[in-house]
Amino acid sequence: MLLKKERLNDILTDMAKQARVYVPVSPDANDGGGVGKSGKAKMTRFELYSPGTAPNFDLVNTTMPPKDMLFPQTQKMYRYGFDTEGNAYIDIIHDSDEVVIFGMRSCDARSIECMDDVFLSMGYDDEFYKQRREKLATVAIGCASVAETCFCDSMGLDPNAAPGADVQLSPGVDGQSYVVVAQSEKGQALVASWQPYLEDSTAETTQVSCALKVNGDGLKDKLEQMFDHPIWEQLSKKCLTCGTCTYVCPTCHCFDISQENKMKDGERFRCWDSCMFSAYSEMAGNHNPRPTKMPRVRQRFMHKLCFFEDRYGKTLCVGCGRCVEKCPVALDITMLIDDIQAADLSKAEEVA
Amino acid sequence: MTAIQESIQKRAAELLESGEVTQVIAWTNGRFTNQTSPLFIQNAADAGKIVFNEYCVNTLAKYVLNEKIAGKVGVCVRGCEARGINRMIADNQLKREEVYLLGIPCEGMKDRETGEALDKCLTCTHKNPVVYDELLGAEVTDTVSEEIDKVRFAQIEAIEGMSREERLEYFNNVFNSCIRCYACREVCPVCTCRECFVDQLRAGWQGKQNNLNENRFYNLIRVFHIGDRCVECGECARACPMGLPLMELNRKWIRDLDELFAAGEEGLSDELDNTLGRYKTDDIEEFM
């Protein structure tokens, strides 16, 4: 099936009547804002679509990943307290909206597969995640171009295809249309609802590949022998231990649970946390097993490239390049991968 | 610039060779064109990795705090680094003899995305380092301060010219977009508390939710804590992954302190002279 770009707004408007639809938006497109005028951030992200919203499907990647729709930076879990008769209560907060993320890239689609592994496998379902996941449908658009920081095809992904998404749109070489393929039951239902706007034909689609290549082969096996390698000490010197990389990362999923109380009532919530922060690993009695930068930096990269693969059989880095682009000190995971591949393992043995 | 780069490489190698310093902090190439990244070398043989060009956007001052533990640190200082170092000495975070300062005159850096002058360099008032052990290269001329001040305070004046409602909307937009990654705190040479109020979880000053209230609270307290100590290196705004105009909050303070107490610029010497921490009998007392 073929979807002409000029019909996109019809589809989005239709879908927005049934569900909350999120599309990539750059702030400039909507209000001509930007810093200096409206105070709005220069960044791009997925925002709720309503008629009048100008989606930007040409962005290679949004600054912020779409993980917020499944795993919000702050998610209220339940309210508790005493009612007027003095009885304790707990009210679990449910999310009941159908959500469609429209226009994500292969990297973001894979990141949802990673989060599914974390929250919905190994014998435990996280009910807050599950609730949102069951109501989520994803529409991926193949990349018509790549950024210099993109390296997903080195991490085992394909910028032209996102098998984990419910619907795949592949840009036609004419730049005017998308070839539409439903990839799941949810996807079939979505595509069926778009029927009035689709054409029963096909087109030649663009095929891109990333300019930035790294060698992702055998990283886990090598890293398993590198826990005590001097590479981490040197690498971590430049790290500021801010949370930028973890917050712009589509797969970072660590959270903290906290609560706020007011008089007789309170709310418990969970919110993103970052392994870069000292408080992340601080324990009761102030003991901190990762007291300095080095073990925190090591943890982040080990988790991405070694521990996760060990547990779930895939790497936790999807090669979206957001951390590469946004790190204020250019601490670049792709350069680290090069360094790991080049590392001399005899040095690790000396230290150990 | 090539000459300066060669001088840094040569002096770094000599300083490491002689044992005068245990480490040199400079810049090296990143993966991409026109990209650099901070570099830490301990061996003279690595001095060739040092790069100095117009894309050395990182201000290196803050790194000294962590690295001095291992011994005397050699560090490249331009105007922004030098003022940060002075401020850290004044704040008792650092002793002058713990650092060896390789002074570099700097004409300003460029943004690799646009190729234009870097935002923070447009408002630079000290292109030459204000403290150094040796200067590698000829001093450059500072832009006339009246010219700089037009740029420096342009946005403050624009904000002051807004109506109350417009101003509220402006700052709500800023704080709504903050993701509280704390890059602004980590990169700041005057944010030197061993334990930040944000991390005092049991006291609970800063709630962990990301919402407008908490974000506003964090950003305003950050500015209050930096208060009269900001050296205007502009790293907070440069490091912000959301591109928020964080320096404007600092500049409002700077301007008010200037007008009320003739505070002047920070970090020009390593003497402790906190505008808000001292009392002078001729201080302005409009409200009494």
Side-chain angles (χ1 to χ4, degrees), chain A residues 27 33-43 45 63-64 72-76 148-149 212 234 236-248 256-260 267 269-274 276-279 282 292-293 322-332 334-335 338, chain B residues 23 25 30-33 35-42 57-58 62-63 66-67 119 154-155 158-159 166-167 169-187 195-196 198-201 204 207-211 214 235 237-245 248:
Chain A
V35 171
K37 288 173 185 157
S38 66
K40 282 193 179 170
K42 285 176 188 162
M43 43 82 86
R45 62 180 153 202
T63 314
M64 291 302 280
Q73 182 158 13
T74 302
Q75 180 166 28
K76 294 190 173 161
E148 66 175 349
T149 47
L212 173 55
Q234 195 63 24
S236 61
K237 279 177 185 286
K238 73 169 78 166
C239 177
L240 299 168
T241 65
C242 74
T244 301
C245 52
T246 53
Y247 286 0
V248 301
D256 184 29
I257 295 178
S258 188
Q259 57 282 317
E260 272 169 27
E267 268 180 353
F269 57 88
R270 69 179 178 190
C271 53
W272 294 356
D273 205 348
S274 168
M276 295 290 104
F277 298 155
S278 63
E282 194 174 304
T292 59
K293 287 203 273 190
R322 287 184 175 95
C323 61
V324 177
E325 190 186 330
K326 284 295 167 191
C327 176
V329 299
L331 201 171
D332 181 335
T334 68
M335 290 177 84
D338 287 352
Chain B
Q23 183 162 222
I25 309 179
R31 178 183 282 281
F32 304 107
T33 328
Q35 184 194 38
T36 68
S37 178
L39 172 74
F40 304 76
I41 56 168
Q42 297 84 35
V57 297
N58 290 88
K62 183 75 178 276
Y63 285 123
N66 244 319
E67 300 305 328
D119 276 354
Q155 183 65 3
I159 295 169
E166 285 168 342
R167 203 152 48 226
E169 196 198 340
Y170 174 87
F171 282 110
N172 284 355
N173 282 338
V174 172
F175 301 139
N176 256 327
S177 301
C178 173
I179 56 171
R180 295 233 309 280
C181 64
Y182 301 124
C184 47
R185 170 187 78 177
E186 301 297 343
V187 81
E195 190 183 15
C196 179
V198 164
D199 297 325
Q200 293 178 325
L201 299 178
K208 291 205 85 170
Q209 298 192 55
N210 184 291
N211 58 35
E214 297 290 357
E235 277 288 86
R238 186 197 64 81
C240 179
M242 302 294 108
L244 302 179
E248 305 313 337

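FYI, side chains are in, hydrogens and waters are out, and symmetry mates aren't considered; it's all heavy atoms of this structure. Residue numbering restarts at 1 for every chain, and letters A, B, ... go by the order of the sequence lines.
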A:C242 portion near chain B, given a 4.5 angstrom heavy-atom threshold: both
Sequence neighbours excluded and cut-off under 3.5 Å, please list the side-chain donor-acceptor pairs for residues 175-184 of chain B, or say none.
{"from": "B:N176", "atom 1": "ND2", "to": "B:N172", "atom 2": "O", "distance (Å)": "3.4"}
{"from": "B:S177", "atom 1": "OG", "to": "B:N173", "atom 2": "O", "distance (Å)": "3.2"}
{"from": "B:R180", "atom 1": "NE", "to": "B:Y182", "atom 2": "OH", "distance (Å)": "3.0"}
{"from": "B:R180", "atom 1": "NH1", "to": "B:Q209", "atom 2": "O", "distance (Å)": "2.9"}
{"from": "B:R180", "atom 1": "NH1", "to": "B:N215", "atom 2": "OD1", "distance (Å)": "2.8"}
{"from": "B:R180", "atom 1": "NH2", "to": "B:G207", "atom 2": "O", "distance (Å)": "2.8"}
{"from": "B:R180", "atom 1": "NH2", "to": "B:Q209", "atom 2": "O", "distance (Å)": "3.2"}

Side-chain donor/acceptor of B:R31 to backbone N/O of A:D332, under 3.5 Å: no
side-chain contact (heavy atoms from CB on, under 4.5 Å) assessment of A:M276 paired with B:E186: CA-CA 11 Å; A:M276 295 290 104; B:E186 301 297 343; over 6 Å; no
Within-4.5 Å side-chain heavy-atom neighbours: B:P241 and A:T244: yes
B:N210 to A:T74 - nearest heavy-atom pair and separation: N-OG1, 2.6 Å
Beyond-backbone contact of A:E260 with B:E214, side-chain heavy atoms, under 4.5 angstrom: yes
For chain A, the option from B:C240, B:G204, B:P38, B:A239 that forms the most heavy-atom pairs under 4.5 Å: B:P38
Under 4.5 Å from a heavy atom of chain A, the part of B:Q42 involved: side chain
From CD (A:E282) to CG (B:L201), nearest 0.5 Å: 7.0 Å
Backbone N/O of A:K238 and side chain of B:Y63: donor-acceptor pair under 3.5 Å: yes
Chain A interface, residue from B:E67, B:E169, B:Q35 that has the most non-hydrogen pairs under 4.5 Å: B:E67
Heavy-atom closest contact (B:T36 atom, A:A330 atom, distance): O-CB, 3.8 Å
B:K208 side chain reached by A:D273 side chain, heavy atoms, under 4.5 Å: yes
B:N66 (side chain) donor-acceptor with A:L240 (main chain) under 3.5 angstrom: no
Backbone N/O of B:F40 and side chain of A:Q234: donor-acceptor pair under 3.5 Å: yes
